[in-house]
A.B. asks: 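Just dropping this structure here.
Read the numbers this way: they start at 1 and go in the same order the structure lists the ligands and their atoms.
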Amino acid sequence: MSERVVVVAGALCRAGRLLAARRSAPAQLAGRWELPGGKLEPGESPEQALVRELYEELGVRAEPLRRIEGEWPLGRPGYVLQVWTARLISGEPRPLEDHDALRWLAPDEMDAVDWLDHDRPAVAEAARLLRQG
Ligand code: CDP
């Protein structure tokens, strides 16, 4: 059995919009859009990993709010994606690591970017939550 690896991603929301980040690597994912995040490190909770990843990748302080229900298997054996809604505490997001563009999408703009397949269910749920206000 392969080891279980949790990847956490943030549905970062501000003023009714969701942050989308365009991957710059690896080659097979470059140009696709995702919710920023990454793998848990040993001893980290998912929320701690998310706070760290959003700081490393975007240079911002953010606070996880609530888990989006569900868990999505990723391409690699044992890997699963979990997603939290989150809000900015301080800083303006910049594509510092792993990304080369950012966009704040309104709920009716979610189809404007080519999301990674595994992110789509969580993006749809985040859009639903944003519409609710
Ligand atoms: O930054 P770190 O190396 O910890 O992780 P990553 O390379 O960003 O993500 C690990 C894996 O999760 C990659 O295979 C990504 O394709 C996948 N992933 C995803 O499907 N959706 C996300 N929102 C974030 C990562």
A.B. asks: Thinking salt bridges, do Arg14 and Glu92 make one under a 4.0 Å N-O criterion?
C.D. replies: yes
A.B. asks: Should you measure from each heavy atom of Leu116, which atoms of ligand 1 turn up under 4.0 Å away?
C.D. replies: 19 (C), 20 (O), 21 (N)
A.B. asks: Could you say whether the N/O atoms of Leu29 and ligand 1 ever approach to under 3.5 Å?
C.D. replies: no
A.B. asks: Arg76 near ligand 1, heavy-atom distance under 4.0 Å?
C.D. replies: yes
A.B. asks: Counting each atom of ligand 1 from 1 as listed, which ones have a heavy atom of Gly38 under 4.0 Å away?
C.D. replies: 1 (O), 2 (P), 4 (O), 5 (O)
A.B. asks: Any idea which of Asp98, Val80, Val6, Asp119 brings a heavy atom closest to atom 22 (C) of ligand 1?
C.D. replies: Asp119
A.B. asks: Under a 4.0 Å threshold between the charged nitrogen and the carboxylate oxygen, would Arg4 count as salt-bridged to Glu71?
C.D. replies: yes
A.B. asks: Considering distance alone, does some N or O of Lys39 sit under 3.5 Å from an N or O of ligand 1?
C.D. replies: yes
A.B. asks: In plain terms, say whether Glu53 and Lys39 are close enough for a salt bridge, that is, a side-chain N and a carboxylate O under 4.0 Å apart.
C.D. replies: no
A.B. asks: Any idea which part of Leu74 is under 4.0 Å from ligand 1, heavy-atom wise: side chain, backbone, both or neither?
C.D. replies: side chain
A.B. asks: Taking only heavy atoms of Glu53 into account, list the atoms of ligand 1 that are under 4.0 Å away from them.
C.D. replies: 1 (O), 4 (O)
A.B. asks: Taking a cutoff of less than 4.0 Å between a non-hydrogen atom of the residue and any ligand atom, is Glu97 in contact with ligand 1?
C.D. replies: no
